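Owing to the predicted nature of the structure, the values given are computational and were not obtained by experimental measurement. Chain A is the first sequence line, chain B the second, and so forth, proteins listed ahead of strands; every chain is numbered from 1.
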Amino acid sequence: MKKKKSIRKSILFFIFLILIFSSQSFSQEDFRKLPPNPEPFKEINLPLGKNYKLANGLNISFYYMKNTPMVMVCLIVSAGEIYSQDLPGLATITARLLDNGTLRVSSERIKEEIEFVGGKLSIKTEPNYSIIYFSFLGDYINKAFDILNKIIVEPSFSQKEIVKEMRELFFELRRRKSDANFLGKEKLFETLFPENHPYHRPFPKIDSLRKINRKHIRKFYETYYLPNNSHLIIIGDLNFRELIRRISHYLNIWKSGKIPKISFPPVKVHKKKVIYFVDSPTVERPYICLGNTFYFKNKMDYFPLIVLNQILGGTTTSRLFMNLRETKEIAFSARSYLDFFGNSGLYIIEAEVRQDAVKESIVGCLSELKRLRSSGIPLLELEQAKYYLIGNFPVQLNKENGLINHLIKGFMMSIDEKTWNKYQHNIMSVDQERVLSIARKYFASYPAIIVVGNRKKILKPLLDFEVIEVYDTDGNLKYKIEKEMR
Amino acid sequence: MVVLSEDHSLPIVTVLVAYKAGSINDPPGKWGAMYLLQNMMFQGSENVDSMEHFLYINQAGGEFNALIFEDRTFFYQTIPSNYLPLVLWLESDRMLSLRFSSYGFDELKVRILENIKYRIENQPYLDTYFKFDQLIFNNMLYSHPVIGTEEGIKRITIEDIKNCYYTYYAPNNAILVIVGDFDKEKTIYWIKRYFESIPKRKVEAKSFPPVIPKNEIVKIYKSAFIPLPVIHLGYLISQYIPSDYYILKLIEYLFLRGNSSRLINKLKEKERLVFQLQGGLEKKGNMLLFKVFVVNNNVATMDKCLNIIISEIDKLKRSYISEKELQRAKNKLKADYYNKLSSTLERAILLANKIINGESIDSFDKELENYMKISSIDIMRVINRYFLSKNRIILKVLPK
């Protein structure tokens, strides 16, 4: 392995000091009155990936980053919560147990080995995928791939570790029961997706967790943790051929298998005018979320969609924040975001609001949605949204895992690399006409409206709405109030 | 002082202005004045309206924030590099001519008081940290929350904030750090243009007073706010050989960084005695404090937990650490260091801290070498030298 070059060279490290102490007396100079103009914009050239497929079907994408002493590895496995089917939580618990030991090596020993290579390992489970992030010092690449092999190919799922991990997950889930944001999201997914759809319950559930045993975990692992069901992304200052040779050495023993085909029922767009109220007496600041699903076949719609989201509620200068928080002062926070799952997607508006302003906040969000569809976006506002996204792109890339998260997103969106790499260019080419047509296409139907809060304190003003369904924090319908009944 | 560090890997730049003043510069009794001033810095200046700083940065796609500590305050923004002159203009305007509107001031006070209330309710252990600092300094000036106290904030007037601003937010008490993609010549031009004519002021430097520990301090008190018992344990190192700093930092990794570090492994993973365990090496002026903070599972096992911490430290006075364990700590430290250097913001914070601490900023590589050459003999020597019972401070807090 090539010895790492000096980091001084890698970051063009150059520091110098200037003492600029001055004792001049001061009066306002003209140049201070106006801000300087920005210099010309610089476009980013992202590294292009090199791809390789191992004999066992594992796809590898490698991105060369010169002079980086750390290596970043990310394994994306199509083993997310939607595959847990009637045992929500199975995918999460399986993923969390991966680094808890093999038949030969204890969990403690694996954690020691990870720390020895300067490693950081984290595993997360999303609705579609389970993702393993592993960064380590480039000097220890062999040891690191050996660890990866133990985690992916040889996990033992011992009963002792299952009990330990289950207990931790129980505590987490119990804590979430008082988290208004989580309760709202859970209800939103249950509302938008039909019961037989995997997105209906994309989060672990305490009840079903109790039913999960070692056999289920083992079977789930053997069914989905397959090289031909996974994608490995690597970023580092490495020689590609040498890297492939090493990965083959450590991961070729990972056996491929037949991936079961699961067909999902089609997603229906929500149309009912109902308030889904989750009664949580401990919630002090009511949480509202509005959302709806959409079909997402044309991948190039992604770019006008994120511009539209930026205008609606992407940041603190967007419409929702400015309207609900700054102008009306009825919300503590207000934002919107998009989620994409294969050929469907979801827009979500969420806000933490004042107890006396829940109804006003919902009306405010609905009118912002209507405004997007009915009137065009002023040119200046559109350009500002685009400039934000273009400027913020490299700022995000500079953060820990910034580049790899961008690459993962591109992979999950199934957008080809050439298009994905022209991220800034694609944003720049969004115009008023396109953004309006996208608003009408994707934000057309009445959203599902979720409210989480203390029923005794906030329900009364909401009785003006057509239908209210009141649920407990376990998701059980307590009662329904219709307008004509009142 | 200006520090420039070029990195052209992405077209972004972080601009950080560090003022060498923090909560220890609060006027006595007016705890929270410097924090209030930090917030006033976003309320507008001569040529920038309230909220405009935020709008300028946001519209460029940038991010900004501020951080306050006991002896320093940082204002920073990361933005696309073509907006560098704009940020220098913004920072210079608020360094030169901050606006003091009484409306903004009153509104801020209300928000901070709400924040203090929120913190008391949601961070029950926070107050115990200041009780521990009081054991060391016996003076509220050095042991009050940076955000202030309810009584302190209420006492602060707009005149107090003006005094703090004109006393401490001066160019000769500030460090401007720029990290990222910039042209050196052009950047010097912009810096000179915006900062050179800001008049310097007479600044009274303030630091932590030296404390020479003579005997071990052990105190116990009861608190109505905490759900579980806590232990604060510290070794106060009032004088040290500068090169020993690196060894002490590595000792922090041996005991407290990562699941396989000695204290976390023993107390959290094996014995399962603690609910929360953290700590590390803190700089208090010219002194160092090696600190361990523990939230215990129950009162009955508190003493066992305390004995384990002390005996784990004392073990290394008598026996050498294995080469493998030492290397693991070094590798973890090295990886953390590289991860920090990979973000322009983290690098700017690192540079500002180094300058304020009076450390060399010659080369990051050289600094890493200082850690990599540490031997198990060095570890034993340093533990025997500084981890003594006479400079140990223990605070046990029990729930009422």
Taking the side chain as everything from C-beta on, heavy atoms only, tell me whether [X] gets closer than 4.5 Å to [Y].
{"X": "A/Pro36", "Y": "B/Trp190", "answer": "yes"}
{"X": "B/Ser343", "Y": "A/Glu400", "answer": "no"}
{"X": "A/Phe31", "Y": "B/Trp89", "answer": "no"}
{"X": "B/Asn339", "Y": "A/Lys120", "answer": "yes"}
{"X": "A/Pro35", "Y": "B/Tyr56", "answer": "yes"}
{"X": "A/Glu39", "Y": "B/Tyr83", "answer": "no"}

Check each atom of [X] against the heavy atoms of chain B and say whether the ones under 4.5 Å are side chain, backbone, both or neither.
{"X": "A/Glu108", "answer": "side chain"}
{"X": "A/Ile114", "answer": "neither"}
{"X": "A/Lys33", "answer": "both"}
{"X": "A/Leu397", "answer": "both"}
{"X": "A/Phe393", "answer": "neither"}
{"X": "A/Pro40", "answer": "backbone"}

What part of [X] is in contact with chain A, defined as an atom under 4.5 angstrom from a non-hydrogen atom: side chain, backbone, both or neither?
{"X": "B/Gln59", "answer": "both"}
{"X": "B/Thr14", "answer": "neither"}
{"X": "B/Arg257", "answer": "backbone"}
{"X": "B/Leu10", "answer": "side chain"}
{"X": "B/Lys330", "answer": "neither"}
{"X": "B/Ser9", "answer": "neither"}
{"X": "B/Tyr194", "answer": "both"}

* Between B/Glu346, B/Glu63, B/Lys186, B/Glu325, which residue shows the highest count of heavy-atom pairs closer than 4.5 Å to chain A? ->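 With the most close heavy-atom pairs to chain A, the winner is B/Glu63.
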* Test B/Ser45 against A/Arg32 for side-chain hydrogen bond (donor to acceptor under 3.5 Å, both in side chains), laying out the working first. => CA-CA 11 Å; B/Ser45 47; A/Arg32 294 191 183 276; over 6 Å; no
What distance separates [X] [atom1] from [Y] [atom2], expressed to the nearest 0.5 Å?
{"X": "A/Ser318", "Y": "B/Asn58", "atom1": "OG", "atom2": "CG", "answer": "7.5 Å"}
{"X": "A/Phe116", "Y": "B/Lys324", "atom1": "CZ", "atom2": "NZ", "answer": "6.5 Å"}
{"X": "A/Leu137", "Y": "B/Tyr338", "atom1": "CG", "atom2": "OH", "answer": "7.0 Å"}
{"X": "B/Ile12", "Y": "A/Lys42", "atom1": "CD1", "atom2": "NZ", "answer": "11.5 Å"}

* **Other residues, nucleotides, ligands: >12 heavy atoms within 6.0 Å of A/Tyr387 OH** =>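 No, the 6.0 Å shell around OH holds no more than 12 heavy atoms from other groups.
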So does [Y] get a backbone contact from the side chain of [X], meaning a donor-acceptor N/O pair under 3.5 Å?
{"X": "A/Asn398", "Y": "B/Thr344", "result": "yes"}
{"X": "A/Glu115", "Y": "B/Ser260", "result": "yes"}
{"X": "B/Asn331", "Y": "A/Gly118", "result": "no"}

* To do: Give the intermediate values and the outcome of salt bridge (charged side-chain N to carboxylate O under 4.0 Å, His left out) for residues B/Lys334 and A/Asp139.
  => CA-CA 11 Å; B/Lys334 196 174 177 182; A/Asp139 299 339; 3.7 Å; yes
* **Top contributor to chain B contacts, counting heavy-atom pairs under 4.5 Å, from A/Leu389, A/Thr317, A/Ile44** => A/Thr317
